[in-house]
There are 2 protein chains.
Amino acid sequence: MQISSRFTIALHIFSCVDTFGDEYKVTSDFLASSINTNPVIIRRILGQLRKAGLINVARGTGGITPTRPLSEITFYDVYKAVDPIERGSLFHFHENPNPECPVGRNIHNLLNDKLDAIQKAMEDEMRKYTIEDLHEGMESIIAKEEST
Amino acid sequence: MQISSRFTIALHIFSCVDTFGDEYKVTSDFLASSINTNPVIIRRILGQLRKAGLINVARGTGGITPTRPLSEITFYDVYKAVDPIERGSLFHFHENPNPECPVGRNIHNLLNDKLDAIQKAMEDEMRKYTIEDLHEGMESIIAKEEST
DNA sequence: AAAGAAGTAACTATTGAAATTACAACGGAT
DNA sequence: ATCCGTTGTAATTTCAATAGTTACTTCTTT
C-alpha cells in the first residue's frame, strides 16, 4: 500500500506556483508538462485543493493563488485535501468479526487507541512541514544551480 | 488510501493464538470463523508471517507458535510482514518529472527527507506496541467480561 | 463574439484487495 | 503404510481505486 501520487503531485504544484507564479501564468498545461502527466489529472487535483480552501483557481484567464500565507499551509492540509480516507482512519478493520468469539468481539476496541496513536504520529509529523518550507528549499536549490 | 486489512487481521490472529493457543488447536478454519473471512485469506497471511520469521506453522496437525517472546514482536514487525511496500517508501512519487523544469528536476530530492521523516514517525510509533501488550489488553478485557 | 483555460463527464487500462474453489503436500494417529 | 485433517498454493472472479485520455461545457478576459 502506498499513499497516492496525488499527494506528491499536489506538493509539486505548489512548488511550481511559488516558483513561477509571478513570472508565468501557471496553467494546468504548464503543470502537466513539469510533472509529466495529463492536464486533466492536474485539474482534478486543483479541484480538490480548491474544495479544501487552500487555493483559488481563475477560470478563463488561468492562474492559481493560495488563499493564505504559505507558512500556514502544512503538508497535512495538502494530504487531507487530496487523499480523503474512509471514516478518517488510516487503518482498515475487517468488517464483521465473530461476536461469539471473545477475541472477535473485543479486538476492535482493543486496537483502536493504538492505531489512532500511530495515525496521529504520522499526521503530527506532516503538520511540521509547510509550503513555505518547500518554497524556501526550492529557492535555495535553484540558487545553487545557477551559481555553478 | 487505507492500509490493508491484512494488518489488523494479523493482529487478530496473534490475539487468538495467545488467548486460545493452550486450550484449542488454532487452525485457519478456527481463525477464519473468529475473523469472519475465508480460511485461505488466513493461510496467506500466516505464510507472510512465517516468511518474516515471526511464527512457525505446523502442517498436518495444525497449530501456530510465535518464534520469539511476545514482547519482542512489535506492531511494526507485523506491518512489515503483511504490507510490503514498493521500494520501501510509503509515498508514491510521480515517475518522470520534466528534467528541463527547475522544479521538476529537483522536487524529488527536496521532498525525500521530509517524506522519510513522516514515514519514520509512523513506524517508530508502531514499534512502541508489542504482541505482549495486545495479549495483556485482551486478557484484561476478557477478565472484566467474565466478572459481570 | 472569439479565444484561452478550467470544470467535468465518460470511458479505458492497470493494479491490488478480497473472496472462493480446487487440489497437492505434509504429518500425526491408527 | 494408510488415512485424515490441515496447510500451501494456483487459478479464477469480483470489486474498487488509480491513472490516463478524449471530448465537451462553462467561464472570463479581450
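Order of the sequence lines sets the chain letters (A, B, ...), proteins ahead of strands, with each chain counted from 1. All values derive from a computational prediction rather than experimental measurement.
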Which pairs would a plain distance check flag for residues 69-77 of chain B, meaning a side-chain donor or acceptor within less than 3.5 Å of a matching protein atom at least two apart in sequence or in another chain?
{"residue": "B/T74", "atom": "OG1", "partner": "B/Y76", "partner atom": "N", "Å": "3.2"}
{"residue": "B/T74", "atom": "OG1", "partner": "B/D77", "partner atom": "N", "Å": "3.1"}
{"residue": "B/T74", "atom": "OG1", "partner": "B/D77", "partner atom": "OD2", "Å": "3.2"}
{"residue": "B/D77", "atom": "OD2", "partner": "B/R68", "partner atom": "NH2", "Å": "3.2"}
{"residue": "B/D77", "atom": "OD2", "partner": "B/T74", "partner atom": "N", "Å": "2.9"}

Name every donor-acceptor pair, under 3.5 Å, that has one atom in a side chain of residues 44-62 of chain A and the other anywhere in the protein, sequence neighbours excluded.
none

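Spacing between atom CD1 of B/I45 and atom P of D/dG8 amounts to 13 Å, rounded to whole angstrom units. In this structure, B/I41 atom CD1 and D/dT12 atom C1' are separated by 13 Å, rounded to whole Å. Distance CZ (A/F93) to P (C/dA18): 14 Å, rounded to an integer number of Å. B/L46 places its CG atom 7 Å from the P atom of D/dG8, with the value rounded to the nearest Å. When rounded to the nearest whole Å, the span between CD1 of A/I85 and P of D/dT18 equals 12 Å. If you take CG of B/N38 and C1' of D/dG8, they are 14 Å apart, rounded to a whole angstrom. The interatomic distance linking A/E95 (CD) with C/dA18 (C1') rounds to 11 Å, in whole Å. In this structure, CG of A/N56 is placed 19 Å from P of C/dA5, rounded to the nearest angstrom.
Looking at A/Q2, its side chain never comes within 3.5 Å of a backbone N or O of B/H92 through a donor-acceptor pair. Checking side-chain atoms of A/S147 against main-chain N and O of A/K144 turns up a donor-acceptor pair under 3.5 Å. B/H94 places a side-chain N or O within 3.5 Å of a backbone atom of A/I35 that can act as its donor or acceptor partner.
Residues A/E132 and A/D18 are not in side-chain contact: their nearest non-hydrogen atoms beyond the backbone lie 4.5 Å or more apart. Taking 4.5 Å as the limit, every side-chain heavy atom of A/V103 sits out of range of all side-chain heavy atoms of A/N98. Under the 4.5 Å side-chain criterion, counting only non-hydrogen atoms from C-beta, B/L134 is in contact with A/L111. Residues B/C101 and A/F20 are in side-chain contact: their nearest non-hydrogen atoms beyond the backbone lie under 4.5 Å apart.
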I'd like a list of close polar pairs between nucleotides 8-14 of chain C and the protein, N/O only, cut-off under 3.5 Å.
{"residue": "C/dT8", "atom": "O4", "partner": "A/R43", "partner atom": "NH1", "Å": "3.3"}
{"residue": "C/dA10", "atom": "N6", "partner": "A/R44", "partner atom": "NH1", "Å": "3.3"}

Quick test: give all pairs of protein nitrogen or oxygen and nucleotides 25-29 of chain D nitrogen or oxygen below 3.5 Å, distance rounded to 0.1 Å.
{"residue": "D/dT26", "atom": "O2", "partner": "A/R59", "partner atom": "NH2", "Å": "2.9"}

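Contact annotation: B/H92 does not reach the phosphate of D/dA17 (side-chain N/O to OP1 or OP2, under 4.0 Å).
A heavy atom closer than 4.0 Å to some atom of DNA chain D occurs in B/K25, B/T27, B/S28, these being the qualifying members of residues 4-30 of chain B.
When the nearest nucleotides of DNA chain C are assigned to B/I3 and A/G63 by heavy-atom distance, the more 5′-ward of the two goes with A/G63.
Using a 4.0 Å cut-off between a side-chain N of Lys or Arg and a carboxylate O of Asp or Glu, B/E123 and B/K80 qualify as a salt bridge.
Among residues two or more places apart in sequence or in another chain, the salt bridge (Lys or Arg N to Asp or Glu O under 4.0 Å) test is passed with B/R43 by none.
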